[in-house]
Trainee: 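Next up is a structure, given as structure tokens.
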Amino acid sequence: MGPHGAGNARGPGGAGTATVREGSAGRARLAVLALLGSILVPLLAAGLRSVLWALAGIAGLALAAVGVWWTLAHTGALRALGAALSVTAPVAVLALYASFGMLGPALLSLGLWLLAATAARTALAPGHTASEQAVVEPPHAPWVLVNPRSGGGKAGRFDLVEKARAAGCRVALLDAGQDVVGLARQAVAEGADLLAVAGGDGTQALVAEVASRHDLPFVVIPAGTRNHFALDLGLDRDDPAAALQALSDSVELRADLGYAADRVFVNNASFGTYASVVTDPAYRNAKARTTLRTLPGLLTGEDAPRLRTRADRTYVDGLQALLVSNNPYGRAVDAAHPGRRKRLDSGLLGVVCVRVGNTAQAARMVRGPRSGGLIRLNAGVVVVEADTDTLPVGIDGEHVVLPSPVVCRSAPGALRIRVPRRRPGTPRTGGAAADWPRVARLALGRRSRPFGQ
């Protein structure tokens, strides 16, 4: 069986499919009941006045959004006023609800709505589990690159060098200024049959590309500060040494790689405001202070970036910031851990566009996707450009400057990844955007066309 297949023991239409269908119908019924409950709770508590209470809540959110905008885009008294407004507006609404006995019903209604949205999405797309293939033969000549400075010295705290050598790895320590790609290529030339990295996502991506080009398995050892790639692979970021189990008791799966021009990324490439902030030398040691100091000029100043993008056939302009991710990130209501990727092998890039240029547009953000201030897309190819010859880009947290326009693309299934058979989490299953007519039909037991047809 090839690396893309994981051995489904039950064929189409069998017991496995029936179980999935029953589970989807159950989630659809839960979604409909939760949605009705989110409507009925405030109606029972306040009758038609619940509409006024809802409007009050929306107004509080709009004022909070305005406050956040003033805080980020301005300085001086207006920034101070914005900071105060972003806190006092929602607190005032909660206090108003509490004084009239509406806080409990409002929180219950909100919780039911979040449950309804989550259940609806998972019902429409029963999910995708990355195909895994058990590894029969361990590597004979594994090679691991260890960055001793990454994660504030995480490799040293967990004795990764000694543990990797004990597991049979040839270990290379990364010195400042060394060519990461060159080291990985040299390891392959010297006979390495598995490449691994103990470091941050930027270093992971560079070695992963070398592994991909030579069709070698790759192991992620989360020794960086954040290691979002490891998180979405289900690895334990608090115990990076546990990833070494992938050398002896592992499964193999396929994952995509993203490219911005010729630069590879495993997580994302950011353009515009954030990419410009990280170019400041002070950012590394004072992230919050540097961000607040530079954002006003980047959001409303003469040098504020104005980006344009074409994601497949969709064109969007007037953007302050743009994030292109290797597979789409989840929404806040998809699960208990927002901002995670549900899968790493969809063959698509996720695109998040930010277009907020003034106070009115900031207030409209409470409308969600309909506001036009936050745009989410999925695409195979994304082209980003501006009225400049070059664009600063943050690629997996590392700053680079690329010629404009920058073409981003996905390399589907390019990377063979080995992970421990037993690990804390797995890439989470997917979910489609809530289509309530389809959810209702599914809840009533009526057949509908498969998703995407």
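Only a predicted model underlies this, so the values are computations on that prediction, with no experimental measurement involved.
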Trainee: To the nearest 0.5 Å, what is the distance between CG on Asp345 and CG on Leu415?
Mentor: 11.5 Å

Trainee: Would you find a donor on one side and an acceptor on the other, under 3.5 Å apart, between the side chain of Thr390 and the backbone of Val401?
Mentor: no

Trainee: Could you tell me which non-hydrogen atom of Pro139 sits nearest to which non-hydrogen atom of Arg418, and how far apart they are?
Mentor: CD-NH1, 3.8 Å

Trainee: Please answer whether the main-chain N or O of Tyr329 pairs with a side-chain N or O of Arg376 as donor and acceptor at a distance below 3.5 Å.
Mentor: yes

Trainee: What's the spacing between Asp193 CG and His214 NE2 if we round to 0.5 Å?
Mentor: 13.5 Å

Trainee: Once rounded to the nearest 0.5 Å, what's the spacing between atom CZ of Arg416 and atom CG of Leu195?
Mentor: 10.5 Å

Trainee: Check whether any side-chain heavy atom of Leu194 sits under 4.5 Å from a side-chain heavy atom of Val219, and report yes or no.
Mentor: yes

Trainee: Mark yes or no for whether Asn268, through its side chain, and Asn326, through its backbone, hold a donor-acceptor pair below 3.5 Å.
Mentor: no

Trainee: Does any non-hydrogen side-chain atom of Pro138 lie less than 4.5 Å from one of Ser248?
Mentor: no

Trainee: Could you grab the distance from atom CD of Gln320 to atom CZ of Arg355, nearest 0.5 Å is fine?
Mentor: 9.0 Å

Trainee: Whether the side chain of Thr118 engages the backbone of Leu114 through a donor-acceptor N/O pair (distance < 3.5 Å, no angle test) should be reported.
Mentor: yes

Trainee: Between Asn227 (side chain only) and Gly199 (backbone N and O only), is there a donor and an acceptor less than 3.5 Å apart?
Mentor: yes

Trainee: Ignoring hydrogens and angles, tell me if any N or O in the side chain of Arg185 forms a donor-acceptor pair with the backbone of Val210 under 3.5 Å.
Mentor: no

Trainee: Hey, are the side chains of Leu145 and Trp143 touching, using non-hydrogen atoms and a 4.5 Å cut-off?
Mentor: yes

Trainee: Atom CG in Asp256, atom CG in Leu348: separation rounded to 0.5 Å?
Mentor: 8.0 Å

Trainee: In sequence, state the C-alpha distance, the side-chain angles, and the governing distance for Leu206 and Val197, and then conclude on side chain to side chain contact (heavy atoms under 4.5 Å, CB included).
Mentor: CA-CA 10 Å; Leu206 295 175; Val197 173; over 6 Å; no

Trainee: Could you report the tightest heavy-atom contact between Ala411 and Tyr259, atom names first, then the distance?
Mentor: CB-CE1, 3.9 Å

Trainee: Taking the side chain from Gln245 and the backbone from Arg421, do they hold a donor-acceptor pair closer than 3.5 Å?
Mentor: no

Trainee: So Leu349 and Asn378, do their side chains get closer than 4.5 Å, heavy atoms only?
Mentor: no

Trainee: Pair Arg308, Asp387 - check side chain to side chain contact (heavy atoms under 4.5 Å, CB included), show working.
Mentor: CA-CA 9 Å; Arg308 304 181 294 274; Asp387 296 327; 2.9 Å; yes

Trainee: I want to check something: taking the side chain as every heavy atom from C-beta on, are Ile375 and Leu377 in contact at a cut-off of under 4.5 Å?
Mentor: yes

Trainee: Kindly say whether Leu344 contributes a backbone atom to a donor-acceptor pair with the side chain of Asn327 at under 3.5 angstrom?
Mentor: yes

Trainee: Does any N or O in the side chain of Ser86 come within less than 3.5 Å of the main-chain N or O of Ala64, such that one atom is a donor and the other an acceptor?
Mentor: no

Trainee: What do you reckon, is CZ of Arg149 surrounded by more than 12 foreign heavy atoms closer than 6.0 Å?
Mentor: yes

Trainee: Is it the case that atom CZ in Arg79 sees more than 12 heavy atoms from other parts of the structure closer than 6.0 Å?
Mentor: yes

Trainee: Please tabulate, for side-chain N and O atoms in residues 260-267, each donor-acceptor pair with protein atoms closer than 3.5 Å (sequence neighbours left out).
Mentor:
| unit_1 | atom_1 | unit_2 | atom_2 | d |
| --- | --- | --- | --- | --- |
| Asn267 | OD1 | Phe229 | N | 3.4 |
| Asn267 | OD1 | Arg341 | NH2 | 2.5 |
| Asn267 | ND2 | Asp201 | OD2 | 2.7 |

Trainee: Ignoring hydrogens, what is the shortest heavy-atom contact between Trp69 and His74? Give both atom names and the distance.
Mentor: NE1-NE2, 4.1 Å

Trainee: Between Pro405 and Val383, which heavy-atom pair has the shortest distance, and what is it?
Mentor: CB-CG1, 3.9 Å

Trainee: Inspect the surroundings of CG in Asp389 and state if more than 12 heavy atoms from other residues, nucleotides or ligands are less than 6.0 Å away.
Mentor: no

Trainee: Under the criterion side chain to side chain contact (heavy atoms under 4.5 Å, CB included), I'd like the reasoning laid out for Ser212 against Leu257: C-alpha separation, chi angles, the key distance, then a yes or no.
Mentor: CA-CA 9 Å; Ser212 170; Leu257 288 175; 3.9 Å; yes

Trainee: In Å, rounded to the nearest 0.5 Å, how long is the span from CG of Leu244 to SG of Cys169?
Mentor: 6.5 Å

Trainee: Using salt bridge (charged side-chain N to carboxylate O under 4.0 Å, His left out), reason through Arg157 and Asp239 one step at a time and then give a plain yes or no.
Mentor: CA-CA 10 Å; Arg157 293 196 302 273; Asp239 184 11; over 6 Å; no

Trainee: Strictly distance-based, threshold 3.5 Å: is any side-chain N or O of Arg170 a donor or acceptor partner for the main-chain N or O of Ala192?
Mentor: no

Trainee: If you look at every heavy atom in Phe218 and Val207, which pair is closest and at what distance?
Mentor: CE1-CG1, 3.8 Å

Trainee: Between Asp317 and Arg306, does any NZ, NE, NH1 or NH2 come within less than 4.0 Å of an OD or OE carboxylate oxygen?
Mentor: no

Trainee: Check Asp232 with Arg423, please: is the shortest side-chain N to carboxylate O separation under 4.0 Å?
Mentor: no

Trainee: Just do the side chain to side chain contact (heavy atoms under 4.5 Å, CB included) check on Val382 and Val384 with the steps written out, would you?
Mentor: CA-CA 7 Å; Val382 179; Val384 185; 4.1 Å; yes

Trainee: Is Asp249 paired with Arg422 through a side-chain N to carboxylate O contact shorter than 4.0 Å?
Mentor: yes

Trainee: What pair of heavy atoms forms the shortest contact from Ile417 to Val419, and how long is it?
Mentor: CG2-CG1, 3.9 Å

